[in-house]
Structure formats: C-alpha cells, structure tokens
Amino acid sequence: MIQTKNLCFKYEDEFILKDVNVEIKEGSFTTIIGANGSGKTTLAKHFNALLTPTKGSVFVDAVDTKKDALNARSKVGFVFQNFEDQLVYSIVEEDVAFGLENLEIGINDINKIVDKTLTELRIDHLAKQNVNMLSLGQKQLVALAGVIAMKPKYIVFDEPTTNLDEKNKRNIMSIIKRLNKDGKITIILITNVLNDLKYADYVIVLKNSSVIFYGEKSKLSGRILKEAGLNA
Amino acid sequence: MLRRFTFGQYKDRNSVIHSLDARIKMIYVIVFGILSFAIKSKSGILIFSLFVLSLIVLSKMSLSELIRNLMPFYFIFVFLLLMYILFSRNQLVLGVIYIWRFLMLIIISLLLTYTTTIQNLIVAIEKLSKPLKIFSIKPRNIAVMVSVAVRFVPVMFIRFDKTRESMLARLADLRKIKHIKLLVMVVLEKMFGSASNLSDALQSRLYNENLANKKILRFNKYDYLSIVFILILIVIIY
Ligand SMILES: Nc1ncnc2c1ncn2[C@@H]1O[C@H](COP(=O)(O)OP(=O)(O)OP(=O)(O)O)[C@@H](O)[C@H]1O
Ligand SMILES: [Mg+2]
C-alpha cells in the first residue's frame, strides 16, 4: 500500500500539493484525474521518491520515502508523460534491458526477460530498431516495456495515451488492464480524459493542488468532475 | 531530417564482421587507420583498398547505405581536393591518393559502427579502458554517458529542425541574429528539459553508477582466424 499523510509540497513559494491524504490499495486500479497543472504528476512523483514532501510524509509498504528512497523506487515503476525522454539507449532491446542491468540480473536472464516482454507487447519485431526511428505509439510501447520488464509491484502511468491514435490508445489501455488483472500489478493511472475512468476501482480527483475527491469510483459524482474543470 | 544523420548507425545483419569481438574490431580500426596512412607503395594501397572493399562486402553493407553514410564527408573531400588543386602545383595525383587514404579510414570506422551495437562498443571501451580506474573514473558512468549522447544528439538535430520550422511558419527571419539566438535558446531549453526528465527516468529505473558491466565478450573462431589473416595481409603489403 502507498499512503500519503498530510502531504504538502512546493517547488518554490507556492504550494503545488496541499494536504493530500490518499491511499493506493494493493492490487487496485487507481486513477488520478484532474485538469492541466492540477498537480497530478507532482503527486505521482512522490510515490517513487523522485520528490519528497515539503511537509507530511509518504509511505510505500509502510516505509517512509524520505528514509528509504530505493525501497520506493524499486517497488514503484514509472512510465513518464514525456516518454520520449525516458528512453536511454538507442536500440530498443538495449533500452528495455537498462533497468534489468540495474537490478543486477544475469545477462542470460536479461535476454530472456527482454524477449518475453517485447513479445507480450507484440513489439518483438522492433527489438533491433533504433529508437529515434520509431513512431510515437511504438516509442510509448518501448517505454512501457522498459518498466514492465522490471516487474515492479506498482506502476504509475502518466497520461500514457496522449497523442496516440484510437487504435494505439486501446492497445495501451488493454495492456494496462491486463497488467492489473492478470499480472496483479497495482496500477496508478494519471489522466485528464473522463473516458479513462472506465477501468478504475478507486479515483483521486485533483483540483488546484488539492484532492477534492478520493474513494471508490461508484461514489464519484458528475458534480465533482465538473468542479474539477472536467466536462461531464 | 534524421535520414541525413545516418553516419555510424548499427544495422543488424548476419555477417562474419558482425560476429567479431568488439574489442578486436576496435583494435583493428586503430591498426588499419595507421596502415591506411603508413602504406607507401601504390600496389600496397591497391591491395589495401581491395581488402577494405572485401570488408564492405563481408559486412553486407549495401552500396546505397555506403553512399548515404559517406555523404556528410562529401564537402570535406571536395574542399581537400580544391586545396590540392590550388596550392600544390602539379601534385593532383598525390592529392587524390591522400584523399583516398582518408576515405579508407572513414570506411573502416564506419564498418566498426555498422557491425557493432553501441552496447557492445561500450563494453569494449569499458574493457579496453580499464586502466582509467586508477583515476577513479567509473566505467558505468562512461558507458551510460556515451549511450545517452548517442541517443540524444540526433534528438537535438530533430528539435532544432522542428523549432526552426515552427519559427519560420510564424515568419521568423533566420538571418537576424536575434532570431538565431532565439532558436538556439529554445533548443537548449528543450534539451535541458529532456535532461531533467532523463534524470528522473534514470533514477526510476534504479540507475547505479557502481555497477560493473556483466556483459561478457568472448573470442570465437572468426576472431582467431581474422588475426591470422590480417597478419598475412600486413606481410603482403610490406
Ligand atoms: N520543476 C518544476 N518547477 C517549478 N514548478 C513546477 C515544476 N514542475 C511542475 N511545476 C508546477 O506545478 C504545477 C503542477 O504541475 P504538474 O506537472 O504536477 O501538473 P499536472 O496535473 O501533471 O498537469 P498536466 O496534466 O499538464 O501534466 C504546475 O503549476 C507547474 O507549473
Ligand atoms: Mg502531468
């Protein structure tokens, strides 16, 4: 479980997160929704200790992220909004292997895991391709592969379908759903599209740095979404 | 845009040259590089050229790929040739030979990057530069730095082009210093943005500079064969 307690955060003078108290339950599919600039990415970066609270605290499996960043990082994978920037190596299979190298997995196992992950995402034909030559949808899949291969317990997907066409969108969303249902991975999906609420068990609604709703999806009302500036 | 920056890109082919050990290929590049300038006799140069040609064939590089890769050097060649024509009276033949040697050198380094993945090149650099450890330079850092550079230099060119186009679309005049400055600043800013995103991504994927590269390079029969073959070649040329 990931838990925030009175989490407040500011980059400079202004608070970007104010008194956030939420929980991400194990095995759940939690969607964070809010308008541009509401603080979604900033909140999620606290889950894997890329950011630590200015006030309050964040716990990943009961360990404070301020005390043990590595614990948070190895448990919470992150697929970034700007996935273009998250590819480190130029060749697809090498990039997917990057995180596995860092986990100090043996080379033979790395190759096996990379093959398996690429096949799962149906991009095994891209294994030897140069990342720069890929389409946006393909790059996104490679970015996913790099994180999925590491088998984290939780994965944050930061607006994973922005800029993709319908077909790619559906593909990515069905992969994420599958990871949750079959892979038993806890999913944190960040979005500003109401349609993406479809798969959620739990929803966190952010507006101007504050959580205005947190709970089961069934309890979420159109009024709250409207208040958050999302057209219902 | 990117198509213009194809120099030195790896292509996955099933060839003997591809299967050679990255370390030995790097050493060969140095040896051949010296050779291409050290050979004195014309017949030596001819044999060497034939040898380089056979390397190209062996590596399964197509003619169009070769040309595309050599395109960026076209200006340098023309420039060098022009210099010879202008400044060295009646030494045109010498000029052509000189440029030819230069061309061989470029093709040889091209063959290295064409047949070796960056990953393997980096492992080779790591292994061959182990002595650097004395200066407490961490091989893993070098490795990742090289990869990141290889990955993001083309990205920079693409961004440069895109920014230039979007500026032109809004009627910027790129002869004006002010607009050139703006272009450079915008691209730099984007690259800094990428660097900060990249640093987040590295941390998220548990980057650790103290790791030793576990990739093992091993000699195979072709590596040993190639050593014998190249020694014979050197003897023939001299
Ligand atoms: N590195 C930073 N330094 C200063 N301010 C920042 C930084 N990153 C984000 N902010 C500010 O924090 C606020 C929330 O940003 P955040 O990226 O979390 O929003 P978001 O909900 O993810 O938006 P979007 O949907 O556009 O991705 C914004 O006002 C933004 O300007
Ligand atoms: Mg965001």
Side-chain angles (χ1 to χ4, degrees), chain A residues 41 44-45 47-51 69-111 126-134 139 143 146-147 149-150 152 155-156 158, chain B residues 1-3 5-6 8-14 18 113 116-123 140 143-159 162 190-218:
Chain A
T41 302
K45 280 187 179 174
F47 297 157
N48 79 338
L50 281 176
L51 297 173
L70 193 63
N71 168 63
R73 250 174 237 145
S74 43
K75 282 183 177 152
V76 186
F78 207 118
V79 180
F80 290 86
Q81 195 164 4
N82 243 314
F83 49 83
E84 164 90 49
D85 292 338
Q86 94 174 40
L87 305 171
V88 184
Y89 289 141
S90 309
I91 304 294
V92 169
E93 60 178 4
E94 291 177 359
D95 186 78
V96 176
F98 177 76
L100 300 170
E101 285 168 16
N102 295 330
L103 287 171
E104 306 204 38
I105 293 173
I107 184 76
N108 289 331
D109 292 329
I110 288 186
N111 290 339
L126 300 178
K128 310 272 182 197
Q129 289 260 330
N130 189 307
V131 167
N132 287 320
M133 301 289 184
L134 302 180
K139 275 185 197 160
V147 175
M150 295 171 77
I155 304 184
V156 177
D158 195 350
Chain B
M1 183 68 187
L2 193 67
R3 309 265 161 210
F5 294 92
T6 47
Q9 249 167 38
Y10 171 76
K11 271 277 162 60
D12 186 41
R13 295 274 147 85
N14 186 9
H18 280 76
T113 52
T116 320
T117 62
I118 290 150
Q119 189 73 314
N120 277 340
L121 269 183
I122 287 162
V123 182
R140 175 83 176 155
V144 171
M145 244 154 50
V146 174
S147 323
V148 166
V150 170
R151 158 95 180 87
F152 281 91
V153 166
V155 173
M156 190 172 76
F157 281 113
I158 294 169
R159 291 210 171 136
K162 280 190 182 157
K190 283 184 187 166
M191 292 316 287
F192 282 131
S194 287
S196 133
N197 289 337
L198 180 69
S199 129
D200 280 349
L202 286 178
Q203 287 184 56
S204 292
R205 289 164 84 188
L206 305 173
Y207 177 60
N208 173 5
E209 60 178 17
N210 290 318
L211 271 188
N213 206 319
K214 287 227 189 60
K215 243 193 174 161
I216 302 163
L217 297 176
R218 238 186 240 115

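Reckoned from all heavy atoms, side chains included, excluding hydrogens, waters and symmetry mates.
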- Task: Name the region of B:Asp12, side chain, backbone, both or neither, that has any atom closer than 4.5 Å to a heavy atom of chain A.
- Result: side chain
- Message: If we count only N and O atoms by modelled type, under 3.5 Å, do the side chains of A:Ser90 and A:Asn130 hold a donor and an acceptor together?
- Response: no
- Given B:His18 and B:Asn120, is the side chain to side chain contact (heavy atoms under 4.5 Å, CB included) satisfied, shown in steps? CA-CA 11 Å; B:His18 280 76; B:Asn120 277 340; over 6 Å; no
- Task: Hey, can you tell me if A:Phe98 and A:Tyr89 have their rings parallel, tilted or perpendicular (30° and 60° cut-offs)?
- Result: perpendicular
Chain B contact via [X] - which portion, at a heavy-atom distance below 4.5 Å:
{"X": "A:Leu87", "answer": "both"}
{"X": "A:Val131", "answer": "side chain"}
{"X": "A:Glu84", "answer": "both"}

- Would you check if the side chain of A:Asp158 reaches a backbone N or O of A:Thr41 as a donor-acceptor pair within less than 3.5 Å? no
